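Just so it is clear: chains get the letters A, B, ... in the order the sequence lines come, proteins before strands, and each one is counted from 1. Not measured: the values here are computed from a predicted model.
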Amino acid sequence: MSDPVKVRFAPSPTGFLHIGGVRTALFNWLFARHHGGQFVLRIEDTDHERSTEESITEILESMKWLGLDWDEGPYRQTERQEIYTQKVDQLFKEGKAYRCYCTPEELDRKRNEAQKKGLKPKYDGTCRERTDQLEGSPSVIRFKAPLEGSVVVDDLLRGKVVFDIEELDDLILQRTDGSPTYNFVVVVDDADMGITHVVRGDDHLSNTPRQCLLYDALNFTRPKFAHISMILGQDKARLSKRHGATSALAYREMGYLPAAMINYLARLGWSHGDQEIFSREEMIQHFSFDSVNTSAAVFDPDKLSWLNEHYIKTTPPEELARQLEPVLVSTGVLQSGHGLDASEIAKVIPSLNERAKTLVEMAEKSKFYFNKEVEFDEKAKTKFLTANARPLLEKVIAGLSPMENFSAEEIETLFKKIVEEEGTKLGKLAQPVRVALTGTTVSPGIYDVILLLGREQTLVRLNNAFQAI
RNA sequence: GUCCCCAUCGUCUAGCCUGGCCCAGGACACCGGCCUUUCACGCCGGCGACGCGGGUUCGAAUCCCGCUGGGGACGCCA
């Protein structure tokens, strides 16, 4: 809790928010919360071509779902045009920027040529020293960067990273249409918003020296940088759609809990000794860049799944019920407007939370409880609801009907007694009953099922099965 | 191609900064067993790594150099 900290997450709205973005957001958020600082959300929508409103909506929805709350924003760069124009003018007047009339085609050609010769494909400075103004010709504004020396980027995670200025070129600040480019706005915005620490993906490290030069040219103090590693797919290639689901909301649809997602992503690159399970409070308390790894990490769906199972098991039933409810509706187990409240839904959870890896799985397994009509699995029916089962079911019905203390203990005593009388095994009795009550061979413990359904419903289902044989 | 980053079990990681406590610890996955009314859960056990080559040192996973490998950047994308 030393100096005030202000960080930001700045996604571009050109698609859904993916896992890698979430982790960047999370590290920013954790750092801010740990230091009692500010977390800003800024939408980098300077690319008119590809930015969409739907993306913005989805990004906000993802952040909310994951509980990554922001203190300022969401700012949108398209609404801040004025300040960019002003800063470009400033650089222009100070001789730190110039007009460039090279066409994209020309530049493309030069780049290819340079690359063919094995040279760095950078801008050759054709317009850097030109003094004439070509009225009416389209032009961009470029930054007149220093020509020699080196830039030292001081990274919190990697130490001092040195770049030779000769590797850099005069980047474009403003496009032909007058809109600013990323490397420029990011500097202006971060400085203007008072960002103290820029925490972002590794892929931005090589942009950083250019940005440092811009900070210097604009007389801004450079923020501190922390470039976190990227997330890779199982084949060690950059994580993309072909590795499966990469959008945050896709995980919500698949029935993952935000707590599991957050815990998983936090441990991807960050650690605190051998601890694997972290509450939000613990993460915030322990988070530090001192314990953040710099090597790239492979996304492991199995471990995410394990964490999801863990949180399904340990979240209090009523709380989990609130997260399960929309899934019950989306999977069609319940109709919207079902009228059940969380406490009613929560009743099935204790019997299911050790058997479901996701909320979707849990919803499917809870059908027997919410649907009054038993949906029979044909194979289960022919295998277990047989003539042999008839006398067994009959005894269960006879035993359950008058039972005074309708409890698991009493039911168990009854089952044991029937097994003994019939000279059979518990499995031979439990399976037919299970099929009669749930329609399938797989369910929670049979006594739990009976208790859950209640005596009345149990007897109805047992009788139906009995008569159908 | 050039520049930059990275390198411990299949995967996530602890250890590395401040060499000996590490013939390397934990977790996921996998395999075997136990428990058992189904399916799971759980419990117990097993398999499994310091990329390679040079140094420095009494001693290196830990420090230095090279190599190799992986990733990233080089856009009027962000």
Side-chain angles (χ1 to χ4, degrees), chain A residues 10-14 44-47 49-51 100 102-104 107-108 111 114-123 138-142 153 155 157-159 161-164 166-169 171-177 179 181-183 185-186 200-209 227 229-230 232 234 236-238 264 267-277 290-291 293-307 309 313 352-357 365 380 384 412 415 419 425-431 433-435 438 440-447:
Chain A
S12 62
T14 52
E44 310 240 312
D45 56 354
T46 51
D47 184 350
E49 301 272 306
R50 299 193 298 158
S51 297
C100 169
C102 299
T103 64
L107 295 170
D108 222 40
R111 249 195 303 275
Q115 205 135 23
K116 243 182 246 166
K117 283 188 216 157
L119 297 170
K120 187 122 185 159
K122 55 178 223 177
Y123 180 60
S139 66
V140 298
I141 294 177
R142 282 186 188 271
V153 176
D155 190 277
L157 257 23
R158 295 156 209 270
V161 183
V162 184
F163 293 86
D164 195 324
E166 285 179 30
E167 293 297 326
L168 278 25
D169 64 359
L171 80 177
I172 292 172
L173 305 177
Q174 195 177 79
R175 302 184 182 98
T176 307
D177 67 1
S179 65
T181 58
Y182 168 74
N183 279 109
V185 286
V186 77
R200 76 226 306 192
D202 209 356
D203 49 339
H204 288 281
L205 184 55
S206 18
N207 284 324
T208 311
H227 289 92
S229 64
M230 317 221 63
L232 274 24
Q234 291 93 313
K236 302 246 178 179
R238 192 190 195 135
Y264 176 71
R267 277 288 285 102
L268 216 54
W270 172 74
S271 63
H272 183 252
D274 285 338
Q275 192 171 342
E276 295 287 351
I277 307 292
D290 290 344
S291 32
N293 231 83
T294 42
S295 46
V298 174
F299 182 75
D300 181 9
D302 285 335
K303 188 152 184 190
L304 205 210
S305 177
W306 172 72
L307 281 161
E309 290 169 52
K313 277 184 279 206
L352 253 23
N353 65 172
E354 289 186 347
R355 296 164 213 277
K357 291 184 197 301
K365 291 185 176 187
F384 291 106
E412 184 173 358
F415 272 54
V419 165
K425 284 192 285 188
L426 191 51
K428 298 283 179 197
L429 169 63
Q431 283 306 77
V433 174
R434 191 186 312 282
V435 175
T438 68
T440 74
T441 55
V442 177
S443 84
I446 195 64
Y447 311 132

(request) Report, as yes or no, whether the 6.0 Å neighbourhood of atom NZ on A:K357 holds more than 12 heavy atoms from other residues, nucleotides or ligands. (result) no
(request) Could you check which nucleotide pairs with B:G75 in any of the strands shown, counting Watson-Crick or G-U wobble with both distances under 3.5 Å? (result) none
(request) In whole angstrom, give me the gap between the C1' atoms of B:C22 and B:C9. (result) 15 Å
(request) Walk me through it: do A:H227 and A:L157 pass the test side-chain contact (heavy atoms from CB on, under 4.5 Å)? (result) CA-CA 7 Å; A:H227 289 92; A:L157 257 23; 5.7 Å; no
(message) Is the ring pair A:H204/A:Y182 parallel, tilted or perpendicular, if the boundaries are 30 and 60 degrees?
(response) tilted
(request) Confirm from the modelled atom types if A:D274 and B:G25 form a donor-acceptor pair under 3.5 Å, side chain to base only. (result) yes
(message) Check whether A:T181 reaches the backbone of A:I172 with its side chain - one donor and one acceptor, N or O, closer than 3.5 Å.
(response) yes
(message) Could you check whether A:T294 and A:R158, counting side-chain N and O atoms only, form a donor-acceptor pair closer than 3.5 Å?
(response) no
(request) Say whether, by atom type as modelled, one donor and one acceptor occur between the side chain of A:K122 and the main chain of A:E166 under 3.5 angstrom. (result) yes
(message) For the P atoms, the ones on B:C52 and on B:A7, what distance do you get once it is rounded to whole angstrom?
(response) 15 Å
(message) Suppose we define a pair by two distances each less than 3.5 Å, Watson-Crick or G-U wobble; what does B:G20 pair with here?
(response) B:C58
(request) Would you classify A:S443 as touching base, sugar-phosphate or nothing, given that sugar-phosphate means primed atoms plus P, OP1 and OP2, and contacts are heavy atoms under 4.0 Å? (result) base
(message) Could you tell me the Watson-Crick or G-U partner of B:U68, where both distances fall under 3.5 Å? Say none if there is no partner.
(response) B:A7
(request) Quote, to the nearest angstrom, the P distance that separates B:G48 from B:U37. (result) 36 Å
(request) Establish whether the base of B:C41 is bridged to the side chain of A:R355 by a donor-acceptor pair shorter than 3.5 Å. (result) no
(message) Apply the syn/anti split at 90° from 0 to B:C30 and say which one it is.
(response) anti
(request) Round to the nearest Å and state the distance from A:N353 atom CG to B:A40 atom C1'. (result) 11 Å
(request) State whether the distance check finds a donor on one side and an acceptor on the other, under 3.5 Å, for side chain A:E276 versus base B:G26. (result) yes
(message) Categorize A:V433 for me: base, sugar-phosphate, or nothing, with a 4.0 angstrom heavy-atom threshold over every strand shown.
(response) nothing
(message) If I take atom CG in residue A:D155 and atom P in nucleotide B:C5, what distance separates them, rounded to the nearest angstrom?
(response) 10 Å
(request) Classify the side chain of A:T294 versus the base of B:C6 as yes if they form a donor-acceptor pair under 3.5 Å and no if they do not. (result) no
(request) Tell me which of A:L232 and A:C100 sits closer to the 5' end of RNA chain B, going by the nucleotide each one is nearest to. (result) A:L232
(request) Could you check whether A:K313 gets within reach of a base, just the sugar-phosphate, or nothing at all, counting any heavy atom under 4.0 Å? (result) sugar-phosphate
(message) Would you measure the distance from the C1' atom in B:C63 across to the matching atom in B:G69 and give it in whole Å?
(response) 22 Å
(message) In this structure, how many angstroms lie between the C1' atom of B:C3 and the CG atom of A:D202, rounded?
(response) 14 Å
(request) Report yes if a donor N or O on one partner sits less than 3.5 Å from an acceptor N or O on the other, where the partners are the side chain of A:R267 and the base of B:U13; otherwise report no. (result) no
(message) What's the gap between B:G72 and B:C31 when it is taken at their C1' atoms, as a whole Å value?
(response) 38 Å
(request) Write down the distance separating the P atoms in B:G26 and B:C67, rounded off to the nearest Å. (result) 37 Å
(request) Can you tell me the distance, in whole Å, between the CE atom of A:M230 and the P atom of B:A73? (result) 7 Å
(request) In whole angstrom, give me the gap between the P atoms of B:C17 and B:C21. (result) 13 Å
(message) Please classify the nucleic acid contact of A:Q115 as base, sugar-phosphate, or nothing, using heavy-atom distances under 4.0 Å.
(response) base
(request) Between B:C44 and B:C6, how far apart are the C1' atoms? Round to whole Å, please. (result) 38 Å
(message) Which heavy atom of A:E276 sits nearest to which heavy atom of A:L307, and what is that distance?
(response) O-CD2, 4.3 Å
(message) From the set B:C5, B:C76, B:C41, return the single nucleotide nearest to any side-chain atom of A:R142.
(response) B:C76
(request) Check every strand shown and say whether A:F163 touches a base, only sugar-phosphate, or nothing at a heavy-atom separation below 4.0 Å. (result) sugar-phosphate
(request) Counting Watson-Crick and G-U wobble pairs only, both distances under 3.5 Å, name the nucleotide matched with B:G42, or none. (result) B:C34
(message) Ignoring hydrogens and geometry beyond distance, is the side chain of A:D203 in donor-acceptor contact with the base of B:A78 at under 3.5 Å?
(response) no
